[in-house]
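What follows is a set of notes on a single structure, which appears directly below.
Predicted model only: the values in this text are computed from it and were never measured.
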Amino acid sequence: QVQLVESGGGLVQAGGSLRLSCAASGHIISTAIVAWFRQAQGKEREFVAVLTGNPGTTFYADSVQDRFTISRDSAENRIYLEMNNLRPEDTAVYYCAARVPQSVMDTLVIDTDPGRYSYWGQGTQVTVSS
């Protein structure tokens with residue numbers, strides 16, 4: 001059973017930066033499709049960023065494009081979300097997610113649907129003050 005544990009959330013002023021980390025048990029990070037989602041209070045969970053399996057293609061929500069960067073460290077079995085120029089509307093609980101591709105072609109699929117992911121972390125709160 002794969003477990004994901006996020007860390008790195010906190011309170012930051014608008015314009016600031018945070019780096020979220022997601023540690024995985026089990027060595028799946030190098031080949032899994034990994035993603036970050038977020039859920040603001042009273043809203044549905046929304047897609048933030050995805051990194052496909054090796055070699056890895058990234059895709060971002062329009063709202064975070066050019067500000068956020070998703071990456072993975074296969075040796076450390078971690079995924080990261082570097083968040084720069086944060087805005088108050090980025091305030092949410094952030095979740096990392098992963099799924100194991102079912103085929104070589106599936107490795108390259110860019111999945112933004114949270115229902116497609118099998119493994120989830122418990123979430124980490126990010127609060128951006130104005």
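- In this structure, CG in L18 is found 5.5 Å from CG in L86, a value given to the nearest 0.5 Å.
- The side-chain contact (heavy atoms from CB on, under 4.5 Å) search around S25 returns Q3, not counting sequence neighbours.
- Counting only residues at least two apart or on different chains, the disulfide bond (SG atoms under 2.5 Å apart) pairs with a member in residues 7-124 are C22-C96.
- Residue I79 holds its CD1 atom at 8.0 Å from CD of E6, rounded to the nearest 0.5 Å.
- Qualifying side chain to side chain donor-acceptor pair (under 3.5 Å) partners for N84, counting only residues two or more places apart in sequence or in other chains: S17.
- Expressed to the nearest 0.5 Å, how far OH of Y94 lies from OG1 of T124 amounts to 10.5 Å.
- A 6.0 Å sphere centred on CD of Q13 holds no more than 12 heavy atoms belonging to other residues, nucleotides or ligands.
- Here salt bridge (Lys or Arg N to Asp or Glu O under 4.0 Å) pairs that include residues 101-112, with residues two or more places apart or in two chains, are R99-D106, R99-D111, D106-R116, D111-R116.
- Interatomic distance, CZ of R87 versus OG of S63, reported as 8.0 Å (0.5 Å rounding).
- Put simply, the side chain of T52 reaches to within 4.5 Å of the side chain of I110, judged on heavy atoms.
- For S7, there are no side chain to side chain donor-acceptor pair (under 3.5 Å) partners, not counting sequence neighbours.
- The backbone N or O of R67 lies less than 3.5 Å from no partner atom in the side chain of N85, so there is not a single donor-acceptor pair.
- Under the 4.5 Å side-chain criterion, counting only non-hydrogen atoms from C-beta, V93 is in contact with Y95.
- When every heavy atom of S130 is checked against every heavy atom of A14, the shortest pair comes out as CA-CB, 4.4 Å.
- Put simply, the residue from V48, V12, V126 that forms a side-chain contact (heavy atoms from CB on, under 4.5 Å) with M83 is V126.
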Review point. Can E89 and T91 be said to form a side-chain hydrogen bond (donor to acceptor under 3.5 Å, both in side chains), step by step?
Key: CA-CA 5 Å; E89 54 264 39; T91 295; over 6 Å; no
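- Checked against the 6.0 Å centroid threshold, Y117 and F37 count as a close aromatic pair.
- S21 meets the side chain to side chain donor-acceptor pair (under 3.5 Å) test with R78; sequence neighbours excluded.
- For residues 41-82, no pair satisfies disulfide bond (SG atoms under 2.5 Å apart), with sequence neighbours left out.
- V2 is connected to V100 through a chain of hydrophobic side-chain contacts under 4.5 Å among Ile, Leu, Val, Met, Phe, Trp and Tyr, so both are in one cluster.
- Within the structure, the disulfide bond (SG atoms under 2.5 Å apart) test picks out no pair touching residues 97-130 (sequence neighbours left out).
- No continuous path of hydrophobic side-chain contacts links L51 to W120 [ILVMFWY only; heavy atoms under 4.5 Å].
- By the salt bridge (Lys or Arg N to Asp or Glu O under 4.0 Å) test, E82 pairs with R19, sequence neighbours left out.
- In terms of hydrophobic clustering, with Ile, Leu, Val, Met, Phe, Trp and Tyr side chains grouped at heavy-atom distances under 4.5 Å, L4 and F47 are assigned to different clusters.
- Every salt bridge (Lys or Arg N to Asp or Glu O under 4.0 Å) that E46 has, sequence neighbours left out, goes to R38.
- Linking Ile, Leu, Val, Met, Phe, Trp and Tyr whenever their side-chain heavy atoms come within less than 4.5 Å puts F68 and L20 in one cluster.
- Sorted by first and then second residue, the disulfide bond (SG atoms under 2.5 Å apart) pairs with a member in residues 38-80 form an empty list; sequence neighbours excluded.
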**Study point:** side chain to side chain contact (heavy atoms under 4.5 Å, CB included) between Y60 and D66, worked out
**Key:** CA-CA 9 Å; Y60 299 91; D66 297 327; over 6 Å; no
List the atom pairs, donor and acceptor, that lie under 3.5 Å between side-chain atoms in residues 28-36 and the rest of the protein, sequence neighbours left out.
from : atom 1 : to  : atom 2 : distance (Å)
W36  : NE1    : Y80 : O      : 3.3

